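Read through the structure below, which is laid out as structure tokens, and then see the notes.
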Amino acid sequence: MKNIGIFKLILFMALFAVACAEDESVNLVEPSHRAIVTSEMDFDNTINVGGHIDFGDISRGVESRTWTFPETVSRISGTDENTSSKDVVKGFFYEPGQHNVTLHQVFKGDVYPNEDSTVPNNSREIDTTIVVTVLGAVEASIKAHYINDDGSTGAELTLSDNAENEITASKAVRLSYTTAGEPISFVWNLPGAKPIQIMDAAPEVDVKYSKLGSWDLQFITSRSRPGGADTINVKKFIKVIPSTEPVTLDRVFEKESQTKIGLEFSREMDPETVNKNNFSVSIETAGGAVLSPIIRSVLVDSEEGNILVVELDNEIMYNDDVVKISYTPGDLGTLDAVASEAFTDAVLTDFIKVNLFDDPTSNVDNSFETSEVSNWPYLWWGGAPWDAYSMSFSFDQAHSGSKSMYLEFEPNGGMIIGNTDADGNNVTFPTEKGFKYEMGAWIYVVDLGTPVTSNLRMFWRPSTDWGSCR
């Protein structure tokens, strides 16, 4: 009996070993899966004339394949044929346009057509077409025309070095271009003109010439991939000559800082004729105060001779101010000896900074249109009496929107609140070093009750200098 038991154990172990060996010898079926790559697949298979693309068939379960390239316009590296059965081939292309490269594959079984396919095609064969875009060289041509006084296109200018097409100061020129090779970047460099540079321009642009002298022109058009560019340079393209027409004030703007006003004239001004005593400035604040700041200096801009820079002394401008500047007749005139006429209360229209609370990307609800009480939480700074108030929102006495915040204070009460978004995060807005900012609020008092001294303060973090208030 004992020997029989040992025999059974040996037999069981032998059967187990055979079973394991049989499991290990099972042949797994390789799935047929199409996968094709190219060296320029991330760039829409776009190349320059004479360039090449590598094509790779990394499909699984391929039994045979045939690449076919278009004849006469392309060549497969390493062969004189336009077909190949290799898994990786390099193709060169010699003519601009769109060209089809095809791949015919025969698989060992029904093929999954894509990497994310869950069901195979009911076929062992599949055809693929890859479109190759071949771009020619980047080329450009430009034209320039005078602009008539009625705004219509005038005579064409000569585009050759030293042509020095004459134009009267303060007149404009219309520039246009055509290109080949599908460039995506277009840059005009125009010394002496306004603007001095135009990037990604429309096919037709107008530029104004105010600075006397002879000026070059440059046009650059390019594409990044496949790389290509064309540059046109014209030396002494245009010559700006003096004008006898009246000089005009075309723009009043904030220049460089909150203390400087730019006056842009139709042509260059003579620095010897500038006298600050002939200018005056008024500033009407959002609160209704009217200030008459002292003018520190009035100078011709060092880079743009048709701009005067008016610098205020010990006063700054905010973008909710109404800034006006006037000039009484003096000696102010252009370099071509034309006197400037007087102007009164010319309004500053362009501030460097916009109102931060009016920025559409800001989450500040400056008119309470979307605010709830929960967006203005009590901050728990010291307890009573700063929690002795009640808050709600009303449609009465609204200022810039349709809602207002309504507050009631208990006797001797106060309030310290912050502003948060719907998720309870503090509302933020960007500030920039070198600029001064002001905050303000419109308050309508319904009932003061017994005589009190009001004290309203607004802070943002990190706190800076709160001693400068208007």
Side-chain angles (χ1 to χ4, degrees), residues 247-265 269 274-301 307-332 340-359 362 364 366-368 397-401 404-405 429 431-432 434-446 448 451-460 464-470:
V247 61
T248 59
L249 177 63
D250 295 339
R251 185 166 72 112
V252 181
F253 61 100
E254 186 178 37
K255 183 173 175 60
E256 299 174 356
S257 75
Q258 292 171 280
T259 63
K260 294 181 179 180
I261 302 171
L263 303 178
E264 183 176 330
F265 290 87
M269 307 305 290
V274 180
N275 184 343
K276 71 174 184 177
N277 296 323
N278 295 122
F279 295 86
S280 61
V281 174
S282 69
I283 299 176
E284 182 179 346
T285 71
V290 178
L291 310 176
S292 299
I294 297 173
I295 295 176
R296 178 180 298 174
S297 63
V298 180
L299 301 171
V300 175
D301 183 72
I307 293 178
L308 295 186
V309 181
V310 180
E311 184 172 9
L312 305 182
D313 189 12
N314 200 30
E315 188 59 73
I316 64 175
M317 302 174 293
Y318 296 96
N319 55 23
D320 59 354
D321 291 335
V322 177
V323 181
K324 298 178 181 179
I325 186 165
S326 300
Y327 165 72
T328 55
D331 296 328
L332 182 65
S340 173
E341 296 180 354
F343 53 85
T344 303
D345 291 340
V347 179
L348 189 153
T349 55
D350 300 323
F351 285 91
I352 298 174
K353 296 293 184 182
V354 299
N355 189 330
L356 290 174
F357 291 172
D358 289 338
D359 186 340
S362 170
V364 178
N366 62 320
S367 63
F368 306 114
Q397 304 300 335
H399 178 255
S400 57
S404 62
M405 178 186 288
F429 51 86
T431 57
E432 184 177 337
F435 289 88
K436 292 185 177 181
Y437 300 82
E438 69 173 0
M439 298 181 68
W442 291 86
I443 300 173
Y444 180 84
V445 179
V446 177
L448 279 176
V452 296
T453 301
S454 61
N455 189 340
L456 173 67
R457 302 183 186 184
M458 288 177 288
F459 299 88
W460 67 63
T464 52
D465 177 13
W466 298 106
S468 177
C469 298
R470 184 184 286 172

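Since we're looking at a predicted model, the values are computed, not measured. Positions are given from 1, in the same order as the sequence printed here.
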Exercise. Can you check whether F253 reaches I307 side chain to side chain, under 4.5 Å on heavy atoms?
Worked result: yes
For this session: Please tell me if the side chains of F279 and I261 come closer than 4.5 Å, counting only heavy atoms from C-beta onward.
Result: no
Show the nearest heavy-atom pair for residues [X] and [Y], with the distance to one decimal.
X: V298; Y: V274; value: O-CG1, 3.3 Å
X: V310; Y: I325; value: CG2-CD1, 3.8 Å
X: A346; Y: L249; value: CB-CD2, 4.0 Å
X: P329; Y: N278; value: O-ND2, 4.0 Å
X: M317; Y: L312; value: CG-CD1, 4.0 Å
X: D350; Y: R251; value: OD2-NH1, 3.1 Å

Rounded to the nearest 0.5 Å, what separation is found between the [atom1] atom of [X] and the [atom2] atom of [Y]?
X: S257; Y: I316; atom1: OG; atom2: CD1; value: 9.5 Å
X: M269; Y: L299; atom1: CE; atom2: CG; value: 13.5 Å
X: L291; Y: E315; atom1: CG; atom2: CD; value: 5.0 Å

Problem set entry | Residues that F343 engages under ring pair (Phe, Tyr, Trp, His ring centres under 6.0 Å), provided they are two or more places apart | Y327
Seminar exercise, completed: Those residues at least two apart in sequence (or on a different chain) that pass salt bridge (Lys or Arg N to Asp or Glu O under 4.0 Å) with K324 are none
For this session: Report the residues that fulfil salt bridge (Lys or Arg N to Asp or Glu O under 4.0 Å) with D331, sequence neighbours left out, ordered by chain and then residue number.
Result: none
Problem set entry | Stepwise side-chain contact (heavy atoms from CB on, under 4.5 Å) check, L263 with V252 | CA-CA 5 Å; L263 303 178; V252 181; 4.0 Å; yes
For this session: Let me see the working for L308 and V300 under side-chain contact (heavy atoms from CB on, under 4.5 Å), right down to the final yes or no.
Result: CA-CA 4 Å; L308 295 186; V300 175; 3.6 Å; yes
Go through the structure and list residues passing side chain to side chain donor-acceptor pair (under 3.5 Å) with [X], not counting sequence neighbours.
X: S280; result: none
X: N275; result: N277
X: E256; result: K260
X: E254; result: none

For this session: Return yes when atom CG of N314 has more than 12 non-hydrogen atoms of other residues, nucleotides or ligands closer than 6.0 Å, and no otherwise.
Result: no
Problem set entry | Partner residues of S404 under the side-chain contact (heavy atoms from CB on, under 4.5 Å) criterion, sequence neighbours left out | S394
Exercise. Can you list every pair that meets salt bridge (charged side-chain N to carboxylate O under 4.0 Å, His left out) and has a residue in residues 290-299, with sequence neighbours left out?
Worked result: R296-E311, R296-D313
